[in-house]
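Please read the structure below before turning to the comments.
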Amino acid sequence: MLEIRGITQRFGGITALEDISFSVAKGDITGIIGPNGAGKTTLFNIATGIYSQTKGQIFLDGVDISRIPAERLARRGLVRTFQNIELFGTLTVLENVMLGLHTQSRCGMLACMTKMPWHIAEERRIRTKAMVLLEFCGITNLADQVAGSLPFGKGRLLEIARAMATAPRIMLMDEPAAGLNNRETNELALLIRKIRDAGVTVVLVEHDMELVMDICDRIVVLNLGQKLAEGTPREIQEHPAVIAAYLGEG
Amino acid sequence: MKRLLLPIITFALLSIWAGSCLAASTIKIGALFSVTGPPSFLGEPERNSAKMVVDEINAKGGIKGKKLELVVYDTQGDATKAVQAANRLIKEDKVVAIIGPSTTGESMAVLSVAEKEGIPLISCAAGSKITDPVKKWVFKTAQNDGLAVTKIFEHLNKRKINKVAILTVSDGFGASGREQLKAHAAKFGIQIVVDDTYGPKDTDMTSQLTKIRGSQAQAIVCWGTNPGPAVIAKNVKQLGIKLPLYMSHGVSSKKFIDLAGDAAEGIILPSGRVIVADVLPASDKQKKSLVAFVKDYQKHYKAEGDHFGGHAWDAIMLLKGAIERGGDTPAAIRDQLEKTRGFAGIGGIFTYNTADHAGLAKDAFVLVQVRNKDWALVK
Amino acid sequence: MACLKQRNMGLSDQIAQYLVSGLSTGAIYALIGIGFAIIYNGTEIINFAQGEMVMLGGMFTLFGLDVLKLPLPVAILMAVTLTTLSGVLFERLTIRPLKSPTPLSLVIITIGGSILIRGIAMLVGGKDTHAIPAFSGSDPLSIGSATILPQHLWIFALTVIAIVLNKLFFQYSITGKAMRACAANRRAAGLVGIDVRRMVLFSFAISAGLGSLAGIIVAPLTMTSYDVGVMLGLKGFCAAIIGGLSGGLGTVLGGLLLGVLESLGAGLISSGYKDAIAFIILLLILFIRPQGLFSRAQTERV
Amino acid sequence: MNREVYKFLVLVAIVLLCPLAVHEGYILNVLVFVGIHTMLALALNLLLGYAGQISLGQAGFFGLGAYISGILTATHGVNPWLAMGEGAVVVTLLAFLIGFPILKLKGHYLAMATLGLGIIIYIVFNEAVDQTGGPSGLSGIPNLSLGGIIFDNDLKNYYLIWTFVLLSMGLALNLVHSRIGRALRAIHDSEVAARVMGVNARLLKVQIFALSAGLSAVAGSLYAHTMTFVAPASFGFNFSVELVTMVIIGGLASIYGSLLGAALLTLLPELLRAFQDYDIIVYGLLLIIMTMYMPGGLVKGVPALFSAIRSRLKRKPSAHA
């Protein structure tokens, strides 16, 4: 479904990624792991059109998306979450999710200004849809709170609800468990499975090995900008190079 | 913030209240001057002169026993502000006449208000279109630019120069001058071979002057107000251009000589008589007004009185004459203003009639030249 | 006859004068532009009040000459000191107390500052334009068929000195390095023990001093008044943008290029649209090469 | 939502009744300008407050609207309403086209670019003497008229202009509470996240820029037809800064704040006339102090101030006891 082919990224003289290739199968949960500075977040930024890579391509269902800007990827069914949750702090929780539905509404400036009947109907429709998604993530009770005031764990859930609102086919999650306590991590694991069961392919960058080994179908290991290994959780756990470079450290 | 605002409002209300209490026994005259903003070189001396002359009139017992009260608003050279202020003068301060504004642009904006409300307006700006065509309620004291242009062109004719380069500033003053220069050239058999402009804040005009140097021009006419012309004078010297350099009445004050220094030597320009008041022959009708004005201004403001201030001085004196002859209602003032004959003021000798609300002839100007860091009459 | 000789001047002679005039005006822009660049490089702030520092330089010198009757060098020294103090005061009173500075609030505050400084200068110093005597006479010097004034040489010299000192300061002195670090990454600089706020203050002091020096040295040509800083400041900023806001050669080249294009534009195209030409160049450069004409592209980071 | 409607209706009522309370013709005249300035502040606030993009060239668009309307009617005899529409369309399109490159810039660069744009437009007003009348201005612009009513005095102009003001405020209120307003606020909070959610941030900014320019142009048209005269000095850099000041003082991202800011800054000089030359200093100080201590503007700052005072008052009695 998602294919990374020969991605190289240089910032000035520093090579952040070198010739990375792997692919993600539809319906899988794929984990990308690696020590700090391995280039995981950079890879995400390239895949979601925030950086443009020095070399290589990324294919989504066979279409090269590597030069498509971020805002158009959402319409193609690719969405991401951020390491330090990027919520819209001044919007309410409900509005955050309604923003995720932005691409599924199309009233233009004129219709919005003049409050045309179809605009009112559209607002009502996405409001209902947003409420459904809040329920999916279990934060319905927070709907009218301002997102900036949410505790971190709830914010993470909201970010996922907002991402789900774009009706993605594939979701990239950047360290979803970072900053969560044990109970919250367990809930997150359940939620990620639920997302996969809803037909969304998941790719996640994560440091929490337990979580990765628990939920991932396949794992890619990066180290210092290069791909070290790729395989099932069991294969990775037994991979000598990975043990040497990564797990061994811990 | 709040603590600041309250005293401000109180103060403003008090001053309005105090103003309206005085109204009964006084004649209120409004004034619109660009005291700040780019044309402040006009507005400041105008306000100073107007205040000075009003104080003097009041000190001598006012007009027919009534004191004058001058209400001055700053327009900052902006037409919008001038119109707002004019409305306030007419509708709130209930003035019987308005003097100003300082610039042609503002005057053009304000004159429709004066016309509509029926309040006499004596503009202190030079643009001839203010009173051409004649508007019922609008007069002016500043000499038309056309008169200054005529004076220069006559001199050029005398020197048998027929190809000139003009260099005008791109503000209202320069634009009006440029228009008049172009309009009068043919009549004097003069050909304008270079027509260039410069910005009011420009600091180097060597490009324009280089172009002029490479042209057929036999003389340069520059139209602007300080400091541009001083820069031009210096640039002319720098480039070693030997062509005769003419300036406009916009720089006819000592200030220009101070700014341009040595480079000012030999420059010729048309000017109101005020800068050469002391060397005028005793037979000159204006001499008495001029000397009085210059002396008073020096006494009050420790500065040289210039002809910009003179415009406001003339305006107040014209009003005084009209009120003395008629009465202090706007309509009477207007009618009497139009009957002004041979009033010798600072800008010249004013004679208004139904077909002419500018009131001056070309003898309002004399040609002067900078010699030994001072003004000298050109015979 | 002089007239005849002048008439024979060819286009090439004219262009030579345009170039020389352009370069000398451009040097003024460059000098002012460097002031912008220094604050920007030290703080990532564009100080819209920089033009007013240029004005203050001229006005304080005038005050020293006319009111205090000081000799020129002393007046200059006093003007630079006073302007630097004004810059420091401005930073202490308006920039430092800001709790969460955003580019927007900084733009607005520095604009407010420039209005305020200009207003005070107008009230204290009056609205008149004043002349300041040239440092070493005003007899023109010939360069080929073109002429310049001795004052221009002062400007060129000061510009060269300014870049060299600037380079030495930022490249080799500890304070200079620390200031560069602050601009690159404020938080990181703070973490390694650099007093970020002091560096911001330094930037304002240095650029105010330099701005005033520029103002003083151009005053004999441009004369001085309370509102002389507006246009000079904007042009200086254009120069800095063209040069990619570098504190050195880039801005100087930017200033010279701007001066020459303006001069050629005024001479050959239209003098009325001279300033428009400058700003169109600014826009085109911002659109096409926002990093400036003379610096390398960087990977955009969001 | 209902509260919004009530608030707006109260405003409509105040606007309708205001002339009854104001006897002085002069105040009515000032209120006409308050109206025009409100439209301009509102237009700028959409851009500055909601889209978070500064423009220091707003006076240029205002002037373009005024001049296009003025030239078409005074020189070419076009119907004023038609001229107004034409001005709005031309300026909107122009801003839309120029918006793409200009809004790629951020922060200081954007400020400088818009400032440059404003100055270029201003220079054209001054230099294109044959069309604009140059620095001394363009006169002879007709008043607007509607079904036999000619808008030629302050009272008529008051109602004309405030109709436009209320209309644009209503439209703007709808806009900021719609999906587009939501997207704008989202961009303000986190542009990256908004883009990842599929919001075309750049296009949206450009659209708002164009809308803001178009609304300013309409205000310019109204200005030209009420003043019947336009001159370049009214559209310079200073006025752009004045507009920014209005928005900042009233309150960023607040529709009613635009009204408050415009009203205050238009009335302030009237009050400050007593201070004559000092008002430039007051201006500068206001800009600095408001940005430093009341970044939300009066709309948010004054209630905060009140509650601060109230809490201090509450504390006082206990201190006595």
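Lettering follows sequence order; numbering is per chain, from 1.
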So for atom [atom1], which belongs to [X], do other residues, nucleotides or ligands contribute more than 12 heavy atoms lying within a distance under 6.0 Å?
| X | atom1 | result |
| --- | --- | --- |
| D/Tyr293 | OH | no |
| C/Arg198 | CZ | no |
| D/Lys104 | NZ | no |

Relative to chain C, which segment of D/Leu105 carries a heavy atom at a distance below 4.5 Å: side chain, backbone, both, or neither?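 Only the side chain of D/Leu105 comes within 4.5 Å of chain C.
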Using side-chain contact (heavy atoms from CB on, under 4.5 Å) as the criterion, point out the one residue from C/Ile108, C/Ile111, C/Thr102 that pairs with D/Thr291.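 Considering C/Ile108, C/Ile111, C/Thr102, a side-chain contact (heavy atoms from CB on, under 4.5 Å) with D/Thr291 is found only for C/Ile108.
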For [X], is it the side chain, the backbone, both, or neither that has a heavy atom closer than 4.5 Å to a heavy atom of chain D?
| X | value |
| --- | --- |
| C/Leu286 | both |
| C/Ile109 | both |
| C/Ile277 | neither |
| C/Leu98 | side chain |
| C/Leu93 | backbone |

Name the option with the most non-hydrogen atom pairs under 4.5 Å to chain D; the candidates are C/Ile45, C/Ile46, C/Ile117.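 Heavy-atom pairs under 4.5 Å are most numerous for C/Ile46.
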Considering only heavy atoms and a distance below 4.5 Å, find which of C/Thr110, C/Ile241, C/Leu234, C/Leu282 pairs most often with chain D.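 When all of C/Thr110, C/Ile241, C/Leu234, C/Leu282 are compared, C/Leu234 has the most.
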How far apart are the C-alpha atoms of D/Leu48 and C/Leu104, what are their side-chain angles, what is the distance that settles it, and do they pass the side-chain contact (heavy atoms from CB on, under 4.5 Å) test? CA-CA 9 Å; D/Leu48 189 62; C/Leu104 184 66; 3.4 Å; yes
Against chain C, work out which of D/Leu56, D/Ile288, D/Leu287 has the most heavy-atom pairs shorter than 4.5 Å and name it.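 Ranked by heavy-atom pairs under 4.5 Å with chain C, first place is D/Ile288.
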Listed by residue number, which members of residues 255-266 of chain C have a heavy atom under 4.5 Å from any heavy atom of chain D?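 Residues qualifying by a heavy atom under 4.5 Å from chain D are absent, so none.
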Apply side-chain contact (heavy atoms from CB on, under 4.5 Å) to residues C/Val107 and D/Val244 and explain how you reach the verdict. CA-CA 11 Å; C/Val107 165; D/Val244 173; over 6 Å; no
With heavy-atom distances below 4.5 Å as the criterion, would you say the side chains of D/Met292 and C/Pro97 are in contact?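 In short, these two side chains touch, coming nearer than 4.5 Å.
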How would you list, in number order, the residues of residues 107-127 of chain D that have a heavy atom less than 4.5 Å from chain C?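 Residues of residues 107-127 of chain D touching chain C at under 4.5 Å: D/Gly107, D/His108, D/Tyr109, D/Ala111, D/Met112, D/Ala113, D/Leu115, D/Gly116, D/Leu117, D/Ile119, D/Ile120, D/Ile123, D/Val124, D/Glu127.
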Considering all heavy atoms, the nearest D/Ala128-C/Tyr273 contact: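 It is N-OH, 3.6 Å.
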To the closest 0.5 Å, what do you measure between CZ (C/Arg118) and OH (D/Tyr283)?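 Result: 13.0 Å between the selected atoms.
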